[in-house]
Number of protein chains: 2
Amino acid sequence: MAGDTRDRMIEATVDALRRRGVAGMSFTEVLRESGAARGAIYHHFPGGKGQLVAEAAARNGQDVRATLAALPAADPVGFVASFLALIRPVVECSATGSGCAVAAVTIASGEPAENASLREVAATAFTAWADTLTERLTVSGLTPDDAAGLATTLLALLEGAQVLCRAAGSAEPFDRMADTALDLARSRYS
Amino acid sequence: MAGDTRDRMIEATVDALRRRGVAGMSFTEVLRESGAARGAIYHHFPGGKGQLVAEAAARNGQDVRATLAALPAADPVGFVASFLALIRPVVECSATGSGCAVAAVTIASGEPAENASLREVAATAFTAWADTLTERLTVSGLTPDDAAGLATTLLALLEGAQVLCRAAGSAEPFDRMADTALDLARSRYS
DNA sequence: CCTGCGCTAGGATGGCCGTACTAGTCAAGC
DNA sequence: GCTTGACTAGTACGGCCATCCTAGCGCAGG
């Protein structure tokens, strides 16, 4: 199959980004994980590491966006609860060293031009996530302004919780934060 | 002066960690920034890169903790406002590619043993920050449980906002999130 | 059966990095 | 003023990495 090797390489890159970040990720690792040959890199990704990383981040961004879009509309508090339940498994992974692939590509690691292009990929992904959450929150009954603010807040909590839980080696920071977030949402939106 | 070179090296390392992360940071860069000689590394830091990075992260952790401890006690809402005002300049730096040095060392980049030791440094720093915020929030009138939950939430927002703002290249995500956070705090704690 | 062609396969290369080592500097103390 | 020891300076080395290159394989169409 044509796109098979390419797909496996992208998936392996997403994984490597989550665990090691851009600078810490190595082709050797991606090739081992994906079972691809060294020569496959520059066949499928003539742009080299930059292109591979950018495509991996973009794909991860789209996958997450799709997951967020599938969240059920409810009242705002119920939606926040659904969101927190959805991301808990993701945050749990970060307790064992994983992280957010999109966040990883925001860290400068190469030439300025490449950094800028990767940052743009990340910005696009985050904006898409925020827009999706905003839409769902609007459907759930919030004003567009409130929805946009809460969407950004939820994303910040998601990214921050991953950092705290990776450091702690447990999901406990997430659970504490999730309780507080729900408590706050209840006081404000019901 | 004895500790002068050493200090400059640590400061340069904190800077490099913020911009590049552990794997992306190079000794060459630290030496250039600090004006130290190559031989100085293993004189001051016999443990090599791991020791230098660990000390830099620990120092940054203590510095931030001291800043947090200096926040004025007030009512909870006022304290949240003070916290947000305090971290806004930090988040602004992340819009230009900087980040959190403590968060940076949570990303695995070397041998498992070294990773674990760095993660522990980060966990210690984050716990110290959370404890400090919890204490201040308790003084501001919250129950210990509420204070602990809100402290973790504020830290997650801080770390998450840095990620979002670094991707966006602006402090706009922070501002949106800060408004919402204050709004939520007002509804719950006043 | 042959001939391109998409793709795989794996090694070669040049560069950068962390590490290590040796020589040199400077100041204090006897 | 000479020794001693802390520190600086610069260089050498071994390893890993991204990159590149040249064969080789399998399968179209003729």
Side-chain angles (χ1 to χ4, degrees), chain A residues 1-17 19-57 104-105 107-115 117-118, chain B residues 1-17 19-57 104-105 107-118 121:
Chain A
M1 185 59 171
D4 196 28
T5 298
R6 212 184 121 97
D7 268 9
R8 268 183 292 119
M9 290 177 74
I10 291 185
E11 277 165 36
T13 305
V14 171
D15 247 44
L17 284 178
R19 291 199 318 276
R20 307 264 180 183
V22 178
M25 161 208 136
S26 87
F27 272 170
T28 307
E29 187 185 1
V30 170
L31 296 176
R32 179 166 26 82
E33 295 287 315
S34 65
R38 203 154 195 87
I41 297 170
Y42 289 84
H43 178 77
H44 291 295
F45 305 94
K49 191 176 187 177
Q51 185 187 353
L52 176 56
V53 168
E55 290 203 24
V105 303
I107 297 173
S109 67
E111 307 156 14
E114 189 185 297
N115 292 336
S117 126
L118 285 180
Chain B
M1 183 60 170
D4 196 28
T5 299
R6 212 184 122 96
D7 268 9
R8 269 183 293 120
M9 290 176 73
I10 290 185
E11 278 165 36
T13 304
V14 171
D15 246 44
L17 284 179
R19 290 199 318 276
R20 308 264 183 182
V22 178
M25 161 208 136
S26 87
F27 272 170
T28 308
E29 185 185 2
V30 170
L31 296 176
R32 178 165 27 82
E33 295 288 314
S34 65
R38 205 158 192 82
I41 297 171
Y42 289 83
H43 179 76
H44 291 295
F45 306 93
K49 191 176 186 177
Q51 185 187 353
L52 175 57
V53 168
E55 291 203 24
V105 303
I107 296 174
S109 67
E111 307 156 15
E114 189 185 297
N115 292 336
S117 127
L118 285 179
V121 171

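Each chain gets a letter, A, B and so on, in the order its sequence line appears, and its residues count up from 1.
Residue B/A104 comes nearest to B/V22 through the heavy atom pair O-CG2, 3.8 Å, listed as atom of the first residue, atom of the second, then distance. The minimum heavy-atom distance between A/A108 and A/N115, with the atom names listed, is CB-ND2, 3.5 Å. Considering all non-hydrogen atoms of both residues, A/V105 and A/A57 come closest at CG1-CB, 3.8 Å.
Between B/H44 and D/dT8 there is a side-chain polar atom (N or O) within less than 4.0 angstrom of OP1 or OP2.
Atom NE2 in A/H43 sits about 13 Å away from atom C1' in D/dC25, given to the nearest Å. Counting to the nearest Å, the P atom of D/dG15 and the CD atom of B/E111 are 15 Å from each other. We find that CE of B/M9 is positioned 11 Å from C1' of D/dT8, with the value rounded to whole Å. If you measure from atom CG of B/D7 to atom C1' of D/dC7, you get 15 Å, rounded to the nearest angstrom. Rounded to whole Å, the distance from CD on A/E29 to C1' on D/dC16 is 13 Å. Regarding B/R6, its CZ atom lies at a distance of 10 Å from the P atom of D/dC7, rounded to whole Å. Rounded to an integer number of Å, the gap from A/R8 CZ to C/dT8 C1' is 11 Å.
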Side chain to side chain contact (heavy atoms under 4.5 Å, CB included) assessment of B/H44 paired with B/Y42: CA-CA 6 Å; B/H44 291 295; B/Y42 289 83; over 6 Å; no

Less than 3.5 Å apart, which donor and acceptor atoms pair up between the side chains of residues 28-39 of chain A and the rest of the protein, not counting sequence neighbours?
from: A/E29; atom 1: OE2; to: A/R19; atom 2: NH2; distance (Å): 2.4
from: A/S34; atom 1: OG; to: A/V30; atom 2: O; distance (Å): 2.8
from: A/S34; atom 1: OG; to: A/A36; atom 2: N; distance (Å): 3.3

Protein proximity profile, nucleotides 10-22 of chain C - base contact B, sugar-phosphate-only contact S, no contact -, cut-off 4.0 Å on heavy atoms: BB-----SBBB--

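Look at B/K49 and B/E114 and you find no salt bridge, because none of the NZ, NE, NH1 or NH2 atoms lies under 4.0 Å from a carboxylate O.
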